[in-house]
Amino acid sequence: MDKIIFRNGWLADVERGQLVEAELMVADGQIAAIGPNLATSGARVIDLAGRVLSPGFIDLHVHLREPGFEYKETIRSGTRAAAAGGFTTIACMPNTNPVLDSPELISWVQAQARAAGAVKVLPIAAISLGQEGKLINDFAALKANGAVAFSDDGRGVNSSRLMLTALQVARDLGCPIMAHEEDAELAAGGSINFGPISEQLGDPGIPAAAEYTMLARDIYLAEMSGGHLHVCHVSTAESVRLIRAAKKRGVKVTAEVAPHHLALTEAVVPALLGQAKVNPPLRSETDRQELLAGVIDGTIDVIATDHAPHANHEKTVPLQQAAFGFSGLETAFAVTQQALVLSGLLTLGELLPALTCRPAALLGLPQGRLVVGAPADLIVLDPHARWQVTPESLLSQGKNTPWLGQELTGRVLLTMIDGQIIFEA
Ligand SMILES: [Zn+2]
């Protein structure tokens, strides 16, 4: 296989949270050498021209919609969108139709992903049969066929007994339970955050407590069982405080936050309506500030997109009828950079671990770091490139983003998987 050398730019040393000046050689699908002045004989040289070479991003929370909702997204379109957004590995959620609750369906998703030939896809299997919250699935068989975690994402696990059992069984298999924390009764009927704006718009509202009351329960169940609780899309200040305190006393809890919760608040809802509807909802500025603090102090381990593509006709309707969710894979880097780096809170080198080595460590993956012998899953970032978010600019079938029509800063120029370039801007 061809050798490729990247030179004349910055390498993301994600374990130290720094950008360093060095060259990197790819051979046989792996990172073969890192250092100054690598011998270029027989190699194709890619001039980074001062840009950043990073491990490919790893997204623990993606909705690929297939099987069952191909009009929103397919495995093919979703994985192409992932590559364009700089993601080389994505974990996909099981709330498809049928739900990913059998070993056969887990194998089917992997086969489809391989045929699509884009990024690496790791299926997450449902906790309960049909995600109905009643009967637990056969985690061992699902894991044996490739499931990396278990989640009933899209809804909360109402039954405490089911959640405890899930944490116990997953613990013995070394897998996380990825929890969508939402008390269905507290959230019932709401489209946006409960507060002055929901009252102004006549919406019942989704209170912050709908998230953190169930989260508090699950932290205690994780503590009791020794299981690994991974908290999906943390959106409230109180959730961050609960996770921070639980980590301090040694509970095996990890957490993710979505770029949109770091960048936006409910203040954009009156202007954007359905295009600002997401679950959990955009919250208050106080919540947003605590989420930022949680990323900075490590309470929140990873940034995950919760990429939730929808068809136009599901979003351009009145708020109450609009579907929850944003198409997020292709705007994730720019939006996260805007919230954390351009705002002066972190350097780019300090941001990248939350998109690379930390999600990798969470699932025990060999990728996500620039080290010799690791898979050559690499991306070239231009942190300064400005681009317009238009329906045509997105490879995802889902054009449902609150940034539509806006200009963002930061773009992925090249994506490589196992030494093969699969995307170039
Ligand atoms: Zn969710």
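For clarity, every value in this text was computed on a predicted model and none was experimentally measured. One-based numbering, in listed order, for ligands and for the atoms of each.
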Subject >> His180 near the Zn ion (ligand 1): N/O/S under 2.8 Å >> reply: yes
Original post:
Do NZ/NE/NH1/NH2 and the carboxylate oxygens of Lys247 and Asp301 come within less than 4.0 Å?
Top reply: yes
Subject >> N/O/S atom of Asp153 inside 2.8 Å of the Zn ion (ligand 1), strictly under >> reply: yes
Subject >> Contact summary for Leu291 and Ser235, nearest pair of heavy atoms >> reply: CD1-O, 3.9 Å
Original post:
Does Glu15 pair with Arg369 as a salt bridge, N-O distance under 4.0 Å?
Top reply: yes
Subject >> Sidechain N-carboxylate O distance under 4.0 Å for Glu66, Arg76 >> reply: no
Original post:
Any N/O/S atom, backbone or side chain, of His233 lying under 2.8 Å from the Zn ion (ligand 1)?
Top reply: yes
